[in-house]
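By convention in this document, chain letters (A, B, ...) are assigned in the order of the sequence lines, proteins followed by strands, and residues within each chain are numbered from 1.
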Amino acid sequence: MSKKILVIEDEADMQELIKIYIAKSNLDVEIHSAYTGEDGVKMYKELMEKGEKPDVVIMDLKLPGMDGVEATKKIRKMDKNANIYGFTAFFDTNWAEDLRKAGARDVIPRTVGFDGFANRLKNILQE
Amino acid sequence: MLASWWRQIATFHLLFPIISILTKQRKKVNEQEKLYQTLVENANDAIYIVSESHFEFVNPAFEKLFGYKKEEICDKNFDFMRLVAPESRDLIKERGNLRSKGKDIPSRYKFKAITKDGEIRNVEVTTVNIGKGKVRVMGILRDVTERELAEKALAESEEKYRNLVEQSLDGIFSFDFDGKFLSVNKAIVDGLGYGEEELLSMRVYDIIHPDYIPIFEERLKRIMKGDAVTPQEYVVRSKNGKKYVIEAKAAPLMKEGKMIGFHAIARDVTERKRMEEALRESERKYREVTENSMNGIYILQDGKFKFVNKRMTTLTGYTKEELMEMDPFSLVHPDHREEIKIITKKVLEGDIANMPQRMEFEYIKKDGEVRWAEGIPSIIDYEGKIAILGNVSDITDIKRAQEKEKRFIEDTSHYFFNPITIAKGYLYLVYEESPPEMQEKLEKLENAIHRIENVVRNIVCRGEIHE
């Protein structure tokens, strides 16, 4: 049974590249995309209610409207076991630290590239 | 016959006045005897007559003093030494010997008597020899036990008082209406550096500072009027010219019910005054530093401000009075209020280990403006109880600058790293599908993107512009 991943990212190119590299890695995953924090929270809730809770949430920090920290807090409030990982350019800032404090298990810097990201995701799904 | 009749007449006229005089004299003698008898019988002093070592007569006071009946004492077999305590018997015997040898002995003496109950009493006796050629002595004996005890107690009390005065660390002295010293104790002598004799030839006015003479005299006038006066500070000069501050209180000096001057007690308070002055100076400095501090300073105890400085009023917009009355936590923004309340409660309950070294929180001014503050708390003892001494500064400008910087970093990251990441993502996809000659060019492109990435990272993370 394929794993479910919710990617909350406002840039369409980023969403596309994440999908391409995950596909390249031969990971058996079902990807759901949300382009705002609000949509991401809503989508997580809907999937949860359907009994299809995402196994991993990939969270950007800077989002239009509700930012990644706030969205993380809301999802964690709904599901304290939510597996949220930041994938952000703000890897070395207080904001990234805020994301960890809000409940993200880790923050993956974008500097690792998409191959690096796909490898990290593979490890996370195997944990 | 006629002659005999005239003789009888003449005899009657001659004898009648003589008989009449004798009768009157006899009557007078009887009256005097009765008077003496009454005096002796009712006298408080014990009166006795001793003849040849035995008592002829004792009065009721004598019986009462010794506890024997008159009949017992006046019995010929009663040994008068039974009335003399063992320690005085030699004295009495010696007096008896000397008296029997016709030698002069003091008519007044003291000895220790012993009563029938065995109680020892101190007695004072005045004797007079009333025998004509033989030893017959009349004595008046007074029990002076109580008097001597009282005298002894008085002497002891005087000794105690004298010692107290002499050993007192306070100066104790007296002076007459002209200010002349009548007595001085050791503390005065030591304190002023004059000899006792020297001081006793001086006047209070010789040592008191001229500025204090008016108040000194005003005080003496009040004492003379019978007013109660409180201790007063004076400046006095010692022999070597050094000035001392003393606190003194005077009272009337009485002799035989008449006021003859003043006695006074004085304490050297120079050091205390110096410390009070130092404390006042320290408090003044502290107040100046606190009041002019750029930071708000407060003392928090029992849920109330116990002290706020001037800066607290400018920070909050409330007056000191308003701050002292209000709930201090109402100044804290609701987002931080509960957390600060809990920390404060724990700290005041003694959980000092978890006291934060500094806290950042938002506060609300009287006009509703919300600003940021940094608080540095510390624990103090205030009026015997644990309290928080807070030092707060407004960090709104710093916070705004930090926010601005954060936004800059975020924007920089967003606008640079995202395109770079996307560019690299697509580049690698193209690279894998490109022929080798194209890959070489793409590698150069990747290297250029990598350099840009390094520069941006150094700007964002380190504030430095280099690769």
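- Taking a 6.0 Å sphere around NZ of B:Lys304, one finds it holds more than 12 heavy atoms contributed by other residues, nucleotides or ligands.
- Shown here is A:Lys42, whose NZ atom has no more than 12 heavy atoms of other residues, nucleotides or ligands within 6.0 Å.
- Between B:Leu429 and A:Lys24, some side-chain heavy-atom pair lies under the 4.5 Å cut-off.
- A heavy-atom distance below 4.5 Å is found between the side chains of A:Asp13 and B:Tyr426.
- In terms of heavy-atom pairs under 4.5 Å with chain A, the best-connected choice from B:Lys424, B:Glu432, B:His450 is B:Glu432.
- Salt-bridge formation is not detected for the pair A:Arg110/B:Glu453: no Lys NZ or Arg NE/NH1/NH2 atom is positioned less than 4.0 Å from an Asp or Glu carboxylate oxygen.
- Counting heavy-atom neighbours within 6.0 Å of B:Glu440 CD, excluding the residue itself, gives a total of 12 or less.
- Taking CG from B:Asn418 and CG from A:Asp60, the interatomic distance works out to 6.0 Å, rounded to the nearest 0.5 Å.
- With a 6.0 Å radius and a threshold of 12 heavy atoms from other residues, nucleotides or ligands, A:Met78 has its CE atom above the threshold.
- The neighbour count for B:Gln439 CD, taken as heavy atoms of other residues, nucleotides or ligands under 6.0 Å away, is above 12.
- The contact between B:Tyr428 and chain A is made by backbone and side chain atoms together, counting heavy-atom distances below 4.5 Å.
- For CG of B:Leu279, the number of neighbouring non-hydrogen atoms (other residues, nucleotides, ligands) closer than 6.0 Å is greater than 12.
- Contact annotation for A:Asp67: neither backbone nor side-chain heavy atoms come within less than 4.5 Å of a heavy atom of chain B.
- A distance of 12.0 Å separates OG1 of B:Thr421 from CZ of A:Phe117, quoted to the nearest 0.5 Å.
- Proximity to chain B (any heavy atom under 4.5 Å) is shown, for A:Ile18, by neither the backbone nor the side chain.
- Around atom NZ of A:Lys45, no more than 12 heavy atoms belonging to other residues, nucleotides or ligands sit under 6.0 Å away.
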